[in-house]
Amino acid sequence: MNIFEDTSPKASRPRPLRVVVLGASGSIGTQTLDVCRRHSDKLKVVGLAVRSSTEFLVRAAREFGASVVAVTDAEHAKDAVLSELSEGCDLLCGESSLEEMVVRDDVDCVVSAVVGFAGINAGYAALKAGKALMYANKESLVVGGDLLMPLVAPGQLIPVDSEHSAIYQCLVGERRSDVHRIWLTCSGGPFFGMSRKELARVTAADALRHPTWQMGPKITIDSATLMNKGLEVLEAHHLFDVSVDEVNVLVQRQSMIHSMVEFSDGVVKAQLGPSDMRLPIQYALSYPERWETPVERVDYCGISDFTFGRADEEAFGCLSLAKRAGREGGTMPCAMNAANEVANLAFRRDRCGFLDVERIVRSVMDDTTAEPVESLEQLHEVDARSRAVAERFLAGI
Ligand code: NDP
Ligand code: MG
């Protein structure tokens, strides 16, 4: 018996935990597979899903002995390499294949590392089926939090986003009513400190050189515009049942503090650690246990530079637009997210400038009337309509 025993979480998960990884070929997906490789005694990869990376899929399915794989892009569902899947490995194809995969009886846990709104139906299906959900796919929480969160049982959904994992860890053993506010940390991105005039000239290649994290292309651009932080404010709002204004963005350039929670008595708990996504991924999978670290430990005696600052919401307007969408609520975050997905891709393809991302998002939001979120079908309609409006604005640039 030690003095902490009574406050430590009691829930435990089956071991080995039978895991499916949606978005297995991406940045979070491959790091999840790395964690599974290191802890193969406790984690069994039973399913893998990609959009089109079929060569990767076949290689990973053979390595992990997966019993099911999915390819959502119908064009790639006929790729010749798929014939090399082991006998007995089921192949699912098309948009609904993610939902089919997550509800299978041989699945305990779903890691959703799909990028964008495209992940929402699978997240919803996983929660409905009572599966543990390790959620990296922040866009679908931002858009559909009103539908998803009422389905969540305690301990069922563990965030993978590093800030939200940090907040979750600070909250273990605490009472929700004792939370005063959340400090959501932010590296500031590659364009930290730049003026609007300078931002008007930056390119996608500049943005893709992120100072701290190696991530997929969409989130890398979102980090540069600070839309990522805006999405994270709304993600925290849904996950932790706090208002948008109870989430304070704090620039912490060194990315050493992954986020903090301030309680009613003024005490602040912060979560620190190496900047490596395998840590929050592993925490989600090991919860309520902790397993040996996959990365080098930090020598805090060697750190002399440790700074805090305010995010510049005037220069980086996407952050304030996301907060506005969160305050208006209902379907507004859906419209905002759809516009951002279109504008983010357009910027990556040099179809528009950096500041146009924010202009497109604002224009679509101004063109939208928020309605209460009622169903997945409604969100798909708002998403499609907002994408069409965003494309129209883009064509006029
Ligand atoms: P990547 O672009 O690296 O990977 C995306 C993955 O999703 C790929 O496996 C891709 O398959 C798959 N995918 C894309 N579209 C679809 C679709 N329509 N249906 C099914 N699968 C699809 O993204 P990241 O790993 O960077 O990000 C994934 C999610 O995690 C995002 O929501 C992001 O915001 C979040 N996140 C990421 C972090 C990071 O460090 N990367 C940190 C915190 C959160 P294919 O290869 O076949 O295209
Ligand atoms: Mg994050």
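Indexing begins at 1, ligand by ligand and atom by atom, following the structure's order.
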Ligand-residue contact atoms, ligand 1 with Ala24, heavy atoms, under 4.0 Å: 9 (O)
Without hydrogens or angle criteria, can the side chains of Glu99 and Ser96 be said to hold a donor-acceptor pair below 3.5 Å? no
Could you tell me whether the side chains of Trp291 and Gln282 share a donor-acceptor contact shorter than 3.5 Å? no
On the 0 to 90° scale, with breaks at 30° and 60°, tag the Phe240-Tyr168 ring pair as parallel, tilted or perpendicular. tilted
Could you tell me if Glu163 and Thr185 have a donor-acceptor pair between their side chains, going purely by distance under 3.5 Å? no
Name the one of Leu250, Ile167, Leu272 that satisfies side chain to side chain contact (heavy atoms under 4.5 Å, CB included) with Met260? Leu250
Based purely on interatomic distance, does Gly26 place a nitrogen or oxygen under 3.5 Å from a nitrogen or oxygen of ligand 1? yes
Just by distance, with hydrogens left out, do Tyr135 and Ser140 show a side-chain donor and acceptor under 3.5 Å apart? yes
Can you confirm, on distance only, whether ligand 1 has an N/O atom lying under 3.5 Å from any N/O atom belonging to Arg51? yes
Say whether Ser162, considering both its backbone and side-chain N or O atoms, lies within less than 3.5 Å of an N or O atom on ligand 1. no
Heavy-atom distance to atom 40 (O) of ligand 1: which of Met215, His164, Glu232, Gln31 wins? Met215
Which of the atoms in ligand 1, numbered in the order shown and given with their element, are less than 4.0 Å from a heavy-atom of Lys138? 32 (O), 34 (O), 44 (C)
Ranking Val114, Ile219, Val71, Val50 by closest non-hydrogen atom to atom 31 (C) of ligand 1, top hit is Val114
For Gly23, is at least one N or O under 3.5 Å away from an N or O on ligand 1? yes
Provide the atom name of the closest N, O or S atom of Glu232 relative to the Mg ion (ligand 2). OE2
Using a heavy-atom cut-off of under 4.0 Å, does the side chain or the backbone of Val115 touch ligand 1, or both, or neither? both
Which of the atoms in ligand 1, numbered in the order shown and given with their element, are less than 4.0 Å from a heavy-atom of Glu139? 31 (C), 32 (O), 34 (O)
Within the distance-only criterion (no hydrogens, no angle test), does the side chain of Lys44 pair as donor or acceptor with the backbone N or O of Arg15 below 3.5 angstrom? no
So which of the N, O or S atoms of Asp161 lies nearest the Mg ion (ligand 2)? OD1
Looking only at side chains, do Asp206 and Thr203 share a donor and an acceptor under 3.5 Å apart? yes
Arg359 side-chain N/O to Ile397 backbone N/O, donor-acceptor pair under 3.5 Å: no
Backbone N/O of Ala315 and side chain of Arg196: donor-acceptor pair under 3.5 Å: yes
Whether the side chain of Asp108 engages the backbone of Arg18 through a donor-acceptor N/O pair (distance < 3.5 Å, no angle test) should be reported. yes
Does the side chain of Glu198 pick up a donor-acceptor pair with the side chain of Ser195 at under 3.5 Å? yes
Under 4.0 Å from a heavy atom of Ser52: give me the atoms of ligand 1 that qualify, with their elements. 45 (P), 47 (O), 48 (O)
In Glu163, what N, O or S atom is nearest to the Mg ion (ligand 2), if we give its atom name? OE1
Counting only heavy atoms, which portion of Ile28 has something under 4.0 Å from ligand 1: side chain, backbone, both, or neither? both
If you take the nearest heavy atom of each of Gly29, Ala113, Ala70, Ser223, which one is closest to atom 28 (C) of ligand 1? Ala113
I want to know if ligand 1 touches Gly216 in the polar sense, i.e. an N/O pair below 3.5 angstrom. yes
Return the option from Thr54, Val142, Leu57, Asp161 holding the heavy atom at the smallest distance from atom 44 (C) of ligand 1. Asp161
Using a strict cut-off of 4.0 Å, indicate which atoms of ligand 1 neighbour a heavy atom of Ser53. 45 (P), 46 (O), 47 (O)
Looking only at distances, please establish whether an N/O atom of ligand 1 is found under 3.5 Å from an N/O atom of Ser25. yes
